[in-house]
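Below is one structure, written out as structure tokens; comments come after it.
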Amino acid sequence: MGLKKILDNLKPTFSEGGKLSAFGSLFDAAETFFFVPNETAKVRGAQIHDAIDSKRSIFFVVIALIPAILFGMYNIGYQHALVTGACTPDACPCADIWGNFLYGLAVMLPKIVVSYAVGLGIEIAVAQWKKEEVHEGFFVTGILIPLIVPVNCPLWILAIATAFAVIFAKEVFGGTGMNIFNPALVTRAFLFFAYPSMMSGDKVWVNGNYIDCINGTPAVDAVSAATPLGQLAAGEAVTYSPMETIIGTIPGSIGETSVIAILIGAVILVWANIASWKIILSTFVGGALMAYFLRYDGAQNFEWWEQLTVGGFCFGAVFMATDPVTSPRTEGGKWIFGFLIGALAIIIRVLNPGYPEGMMLAILLMNVFAPLFDYFFVQANINKRAKRAKK
Amino acid sequence: MSLFSKENGAVFMGPLNLNNPIAVQVLGICSALAVTSQLKPAIVMGLSVTVITAFSNVIISLIRKTIPNRIRIIVQLVVVAALVTIVSNILKAYVYDVSVQLSVYVGLIITNCILMGRLEAFAMQNGPWESFLDGIGNGLGYAVVLVIVGFIREILGFGTLFGFQIIPDGAYVENGGLYINNGMMTMPAMALIIVACVIWAHRAYNKDLEA
């Protein structure tokens, strides 16, 4: 247990009165990151203990995101290779898998670093200021943010949006566990409304930059590539087959394109009992029903069920709607919550000409209603029991 | 009582800081969100409200002893409405483009809570000179917040101040730079967040307001 010894030796330096006590919260975060804390709460009243604490459960979410992250990186390189002519759509998957992946890694890594540096920086500063521990919630938010933005989103804009979301969607409400809105989605909403030219349209989905030593293809600027939803909104025929939208070799936000990668994540989350399968299932049911009802409105070679495979629908349903903080706690509430998210997302997509994608707005709107659903289900239960008591 | 006594000074200074109509009393928020996307309309709006508050305060204060108590709100409204109409016409005559930008919000000064609040709470009990100072103070307290919000919104949302370009052309993405204006700043939602930040900073500075 070398690491444990090092941490124990360092502890006095960071504790109250030690030399580096100003960084106490940072040390505490690192210590509890590696080891489950050995202190227990004082015995007073009922206590519920779970074998994995929130830092450990957060890890499962990050693990569940890995397939989407890896595929997202590959797809960045693949889309780049398509426009530079190194790949053709017929030769899918492209022969140079490793080169494409490395290219995507090089493009993606700065975004992950910026998102974590800005978000964790603010969290640590606030924790130190309020003399609290650093909460672990941002470990997931920090990796979600780069996954839900277009590949060409500039880093400084990403930094501003992350700072905005952490301060105004999270810290002012009291930090992790107190937020009403999903901070990653607030980041995206901020980007969407503040910098629309960087978040939608045809020019943001494919990175044309030339990165030396990785992908020997020339640079191209301002690459035009429409997403399936962009084509639908413009009333054009969708040029991507269902096979492509399910595997995910289409332009789109980095992590959202591959249905398969996201479903692997969903299986991990549900197996680990972290995400509610009720929310995921009801979101798909709501989306499917609404897509079926609205199937005549839209492009002709686009089947209604394909709505569920394009855009951020799967990613939102699996990783955003199931956020335990911003979704309802009651089981009945979860069904309604998910169903309305799915239905609303499709309504916004199909009926609102302004927004090609509706998943983000649907989830944010339903985040507001989550406490209301809980209230009604709890109240119904109280009434039922009150009636039984009267008998 | 002398014209510039300590009490009168407090009547004037209070609304500018510790009793600010927007930051402390949280009144007049609606117009503060609607007209502050640029600095020029924000200043014009602030000055209009200042003038109207001051003179309606004076008029109501002069006739306060003759107003029957049961119809005082109607009398106050008539006075405010008359002044708003005058100001609105002056704006149309001299700064037409700003008056178009302000659109209905000049007319809506009639319903501004700050005005009715000052008439009811101050002008009905105090003499004309105190009421005048109170009106000027409240109007300027309102205008100060509007100017702060308008300044932040215009420079970040449009890259301009008073319509003059501040951020150099070369900094923009279209011209090979990196910078993009923040579109969210042009929306009222962001104005609400900026007003919240102003209140936050104000309270952090004046600890005794926290209670």
Side-chain angles (χ1 to χ4, degrees), chain A residues 110-111 114 122 125-126 129-130 149-150 152-174 179-181 183 185-201 203-204 207-209 219 221-223 354-355 360-361 364-365 368, chain B residues 22-24 26 29 32-34 36-38 145 148-160 165-207 209-210:
Chain A
K111 290 191 203 309
V114 164
I122 294 171
V126 171
W129 172 43
K130 289 185 170 173
V149 297
N152 281 355
C153 180
L155 293 178
W156 69 272
I157 286 179
L158 197 66
I160 290 177
T162 307
F164 177 86
V166 172
I167 294 172
F168 289 103
K170 201 165 166 196
E171 293 305 336
V172 295
F173 287 102
N179 46 312
I180 296 172
F181 299 106
L185 277 181
V186 173
T187 308
R188 195 179 196 285
F190 180 85
L191 288 168
F192 184 78
F193 289 110
Y195 303 103
S197 63
M198 287 290 136
M199 287 304 284
S200 49
K203 303 266 191 269
V204 296
N207 192 319
N209 291 339
D221 39 65
V223 187
Y355 303 142
M360 168 186 84
L361 297 169
L364 283 175
L365 184 65
V368 185
Chain B
I22 293 185
V24 179
V26 199
I29 296 292
L33 305 189
T36 51
S37 70
Q38 275 158 304
V145 178
I148 295 172
V149 177
F151 177 83
I152 297 172
R153 285 181 70 185
E154 182 167 358
I155 196 154
L156 294 179
F158 296 96
T160 59
Q165 184 115 13
I166 298 292
I167 292 164
D169 257 338
Y172 285 99
V173 165
E174 301 90 70
N175 305 324
L178 282 172
Y179 189 75
I180 308 166
N181 284 330
N182 188 327
M184 190 116 164
M185 285 287 168
T186 62
M187 298 179 190
M190 200 63 192
L192 190 65
I193 290 171
I194 297 173
V195 169
C197 290
V198 170
I199 294 176
W200 184 3
H202 189 239
R203 300 216 165 182
Y205 188 70
N206 298 300
K207 290 283 181 206
L209 283 174
E210 299 252 353

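Here is how names work: the chains are called A, B, and so on, in the same order as the sequence lines, proteins then strands, and each is numbered from 1.
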Would you please name every residue forming a side-chain contact (heavy atoms from CB on, under 4.5 Å) with B/L192, sequence neighbours left out?
B/I29, B/L33
Please look at B/L156 and chain A and tell me whether the side chain, the backbone, both or neither of the residue comes under 4.5 angstrom of a heavy atom of that chain.
neither
Give the C-alpha distance, both sets of side-chain angles, the deciding distance and a yes or no for side-chain contact (heavy atoms from CB on, under 4.5 Å) between A/M198 and A/L191.
CA-CA 8 Å; A/M198 287 290 136; A/L191 288 168; over 6 Å; no
Tell me, please, which residues at least two apart from A/F181 pass side-chain contact (heavy atoms from CB on, under 4.5 Å).
A/V186, A/L364, A/N367, A/V368
When you scan chain A against chain B, which donor-acceptor pairs turn up at less than 3.5 Å?
unit_1	atom_1	unit_2	atom_2	d
A/W156	NE1	B/L178	O	3.2
A/A194	O	B/G183	N	2.6

Which distance, rounded to the nearest 0.5 Å, do you find between the CD1 of A/I157 and the CG of B/L178?
9.0 Å
B/M190, part contacting chain A, at a heavy-atom distance under 4.5 Å
side chain
Do the side chain of A/K111 and the main chain of A/L158 share a donor and acceptor less than 3.5 angstrom apart?
no
Heavy-atom count check: over 12 atoms from other residues, nucleotides or ligands less than 6.0 Å from A/F168 CZ?
yes
Does anything in residues 180-198 of chain B form a salt bridge (charged side-chain N to carboxylate O under 4.0 Å, His left out)? List the pairs, not counting sequence neighbours.
none
